[in-house]
Every structure is written in structure tokens, then in C-alpha cells.
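Note: hydrogens, waters and symmetry copies are ignored here, and every other heavy atom, side chains too, is used. Note that the coordinates shown come from a computational prediction; the quantities given were computed from them, not determined experimentally.
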Amino acid sequence: MDTAPHQGRIWPTVDSIPVSAVTDKPPGHLGPVRTEDVAGAVGTGRDTTGGAGAATGVGTAGAKPRGARANPAAELGFSGDPEQRGDPGDDMLHAQRVWDGSLAANRLDAAGVAAERQRVATADVTASVSLIVDGRPEDVRASIESVIEHTDAHVLALDLGDVDGAGEVLHELALRHPDRITEWRVAETPHWRGGSATWGACRAKLLRLDMSEVHVLMETSVVLTGDALTPLVAAVADGAVAAGWHGLERPQDSLERPPIGAGWHEAGPGRVRALRGDLMAVRRSAAIGALPEDARDGENADLELSLALKGDLVVPSDRLPVRRLRDPEAPQG
């Protein structure tokens with residue numbers, strides 16, 4: 001990506017940053033959006049329900065008839081031989097430990113194979129991580145460096161007013177990784193810190209500046225400890241309109257569309273009604289027009305975006321390698 005024209009330049013406002021006329025590229029490497037029967041996660045392909053049929057995917061759950069093993073120790077050669085010496089109880093304990101270790105190794109192998117399959121399946125899908133930089137330079141450094149270290153995604157970062165020197169940290173990182181980071185810096189400060197730059201305007205600008213198929217919303221309060229993006233991008237490529245780290249569900253005893261933020265609770269893994277915007281991958285073509293551009297701050301704006309998207313929103317079944325540096329302040333950019 002050519003970043004030379006604007007790296008280091010400081011624009012007066014978010015609105016003053018020019019955007020290409022091309023804002024809705026066709027999703028060339030993404031499958032069609034499915035509105036039902038999308039798997040709740042991009043997992044290992046393991047048949048977790050068992051059954052007598054042939055095994056599917058890379059797991060082992062369907063490989064043998066359903067039911068507990070009568071004597072796993074005997075199958076491994078322990079305590080099943082009448083001539084075997086020693087305490088049969090010791091043999092059984094040893095055999096069970098071997099069996100448990102084998103299962104654990106198989107799960108790790110399956111997870112590794114699944115992760116590699118996801119990487120291969122999404123190799124041609126373009127994805128960018130978008131960040132709003134609004135202060136806390138240490139968090140900005142940690143968050144961006146985690147994306148650089150653990151993924152191949154391009155980083156699109158918009159600094160608002162160099163609060164606490166965070167813009168200088170972004171600029172330093174952009175100079176160090178010019179092929180991975182595109183920065184935009186404005187003199188305008190964030191609305192949630194007493195300025196005029198709103199969350200909706202910032203997110204809409206980043207969305208339109210992005211040319212990738214999958215647009216990842218990420219907050220600087222979040223760091224990756226591994227490749228957390230591939231499972232999200234794979235879920236989107238598989239038919240979901242969006243996938244995220246944390247899901248939300250509406251209250252059970254409420255109207256079809258309860259007030260934004262009223263009584264919503266954590267949900268997932270699987271299909272969810274909404275996703276939190278701390279780490280959320282969305283089809284860029286679907287987000288255009290769905291993102292609440294009039295949102296003044298980030299509080300509940302992720303809910304509004306989720307409710308406006310047409311299609312399934314999912315949380316992967318496997319725990320993502322992500323941690324939070326701090327609880328986000330409200331309002332949060």
C-alpha cells in the first residue's frame with residue numbers, strides 16, 4: 001500500500017482527509033453472506049456430538065460408536081492381561097493418564113490443523129485493522145505492535161490531536177513499519193475528550209479509506225497475544241457478515257428491539273445478536289451504510305452497527321488470544 005502522500009502530514013479535521021471515490025469494492029474473495037445456518041464459529045471441524053457415522057473434519061468424535069470405553073487401560077495393554085504383575089489399580093491409573101495425555105495431544109494437533117486450514121482458506125482475503133488513537137501512548141504502542149507481531153494485516157490508524165503524545169508514538173511506528181501501517185493525523189481532538197471529532201465520523205472515514213474486503217474495528221485498549229484475526233476473517237469468509245471477540249444478546253423478556261444498551265448481556269460462542277466493537281471483523285461492503293456515522297462517541301455505537309448489519313454475526317468457539325490492557329472508558333473511541 002502506498003502511504004507516502006500523507007504519512008506525517010497533519011490535517012486540520014477528520015472531514016478534511018480526502019477519500020477515494022471507490023468506496024464499495026466487490027468482495028472478490030469472500031463467500032456470499034448467509035443469513036442462516038452459518039456455523040457459530042470457525043472451529044476445528046470436530047464432531048462434538050459423537051455418533052456412529054464416519055468421522056468428519058480433523059477430529060475423532062465420530063470415528064467410533066457412541067458410548068464410554070469399557071476399559072481403555074486394557075486397550076493400551078495394561079491390566080487386561082491376567083499374567084500381568086503388579087497392582088491392577090496402578091496399571092489402570094497409568095493407562096488412564098496415558099489415555100488423557102493422548103486425548104490432550106490430539107486436541108492440540110486438531111487445533112493446529114484447524115488454524116492452518118483457516119490461514120490457507122483466508123490467504124487471498126484482504127483485511128485491515130482500523131484504530132482510533134486518542135491518547136494513552138503506551139497502549140497505542142502495545143496494541144499496534146501486537147498486530148504487527150502476530151498477523152499480516154495492514155494497520156489503518158487515525159490520530160486525533162496527538163493527545164498525551166500518542167500521535168508521535170503512532171508516527172514513530174509508521175516510520176518503522178511503512179509497509180504495514182498507514183497513519184492519518186489531524187489537529188482535531190476527540191469529542192469524548194472535549195473536542196469536535198466524533199466516533200462516527202472517525203470510524204466512517206477509516207472505513208472509506210480502507211480498500212480491504214474485511215475491515216477490523218479494534219480499540220487501543222486491546223492487544224493480541226497470538227493470531228486472533230484469522231479465525232474472525234475465516235468466519236466472515238465462510239458466510240458471516242461479521243465476527244468478533246465478544247458477543248451480546250438482548251434481554252429475553254424485552255421487545256423485538258430493546259433500547260440500545262438496556263439490559264444487553266454477554267453471549268457466545270456461536271451466533272449472536274450483536275458484537276462488541278473492541279475487536280470486530282466485518283465485511284467492508286456491508287459496513288458501508290450500516291455504520292452509525294452520527295454517533296458522537298463509541299458508547300453503544302457497536303450495538304447500533306450490529307443491529308444494522310444484514311446477516312449472521314458470530315463469535316468463534318475457540319478462545320481468541322486477546323487480552324485487555326484496561327477497561328475502556330465511557331465514552332470510548
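Partners of S130 according to the side-chain hydrogen bond (donor to acceptor under 3.5 Å, both in side chains) rule, which considers only residues two or more places apart in sequence or in another chain, are R203, H215. Partners of H246 by side-chain hydrogen bond (donor to acceptor under 3.5 Å, both in side chains), not counting sequence neighbours, listed by chain and number: D278. Taking T225 as the reference, nothing meets the side-chain hydrogen bond (donor to acceptor under 3.5 Å, both in side chains) condition, with sequence neighbours excluded. Residues satisfying the salt bridge (Lys or Arg N to Asp or Glu O under 4.0 Å) criterion with R276, sequence neighbours excluded, are E266. Legend: residues meeting side-chain hydrogen bond (donor to acceptor under 3.5 Å, both in side chains) with E138, ordered by chain and number and at least two apart, are absent. Checked against side-chain contact (heavy atoms from CB on, under 4.5 Å), A187 has the following partners two or more places apart in sequence or in another chain: I10. A197 is linked by a side-chain contact (heavy atoms from CB on, under 4.5 Å) to V14, L160, E188, C202, counting only residues two or more places apart in sequence or in another chain. By the side-chain contact (heavy atoms from CB on, under 4.5 Å) test, E149 is found to be paired with no residue, residues two or more places apart in sequence or in another chain being considered. Applying the side-chain contact (heavy atoms from CB on, under 4.5 Å) test to A153 and every residue at least two apart in sequence or in another chain returns V129, T151, L229.
Between the side chain of R273 and the backbone N or O of G247 there is no donor-acceptor pair closer than 3.5 Å. At least one donor-acceptor pair under 3.5 Å links the side chain of S146 to the backbone N or O of L224.
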Margin query: Go through it in stages, so that I can follow the logic: the residues are D210 and L206, the test is side-chain contact (heavy atoms from CB on, under 4.5 Å), and I'd like the CA-CA distance, side-chain angles, deciding distance and then a yes or no.
Written below: CA-CA 6 Å; D210 191 6; L206 285 168; over 6 Å; no

Practice item. With side-chain contact (heavy atoms from CB on, under 4.5 Å) as the test, would you mind laying out the steps for L248 and V272 before giving the verdict? Key: CA-CA 6 Å; L248 295 167; V272 295; over 6 Å; no

Problem - L275/D302 under side-chain contact (heavy atoms from CB on, under 4.5 Å): CA gap, chis, key distance, verdict - result: CA-CA 7 Å; L275 294 166; D302 45 8; over 6 Å; no

Practice task
Under the side-chain contact (heavy atoms from CB on, under 4.5 Å) rule, what do D134 and V163 come out as? Steps first, then yes or no, please.
Solution key: CA-CA 6 Å; D134 62 347; V163 177; 5.5 Å; no

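Within the 4.5 Å cutoff, the side chain of H150 has no heavy atoms near those of the P321 side chain. Using a 4.5 Å heavy-atom cutoff, the side chains of W245 and P231 are not in contact. Residues L279 and V216 meet the side-chain proximity criterion, which asks for heavy atoms closer than 4.5 Å. A 4.5 Å side-chain heavy-atom check between D179 and H154 finds every atom pair outside the cut-off. Counting only heavy atoms from C-beta outward, the side chains of R284 and V236 never approach each other to under 4.5 Å. Counting heavy atoms from C-beta outward, H171 and L175 have side chains that approach closer than 4.5 Å.
No side-chain donor from either of T13 and D15 sits under 3.5 Å from a side-chain acceptor of the other. Residues S221 and R324 bring a donor and an acceptor atom of their side chains to less than 3.5 Å of each other.
Minimum interatomic distance between L173 and E145 (heavy atoms only, all atoms of both residues): CD2-OE2, 3.8 Å. Considering all non-hydrogen atoms of both residues, P316 and G244 come closest at CD-O, 3.4 Å. The two residues L131 and E219 make their nearest non-hydrogen contact at CD2-C, 4.0 Å.
For residues 158-172, the set of pairs meeting the salt bridge (Lys or Arg N to Asp or Glu O under 4.0 Å) definition, not counting sequence neighbours, comprises R141-E172, E168-R185, E172-R176.
Clustering ILVMFWY residues whenever any of their side-chain heavy atoms sit less than 4.5 angstrom apart, transitively, puts W199 in the very cluster that holds L209.
Partner S212 forms a side-chain contact (heavy atoms from CB on, under 4.5 Å) with one of L156, T126, V233 and no other, that one being T126.
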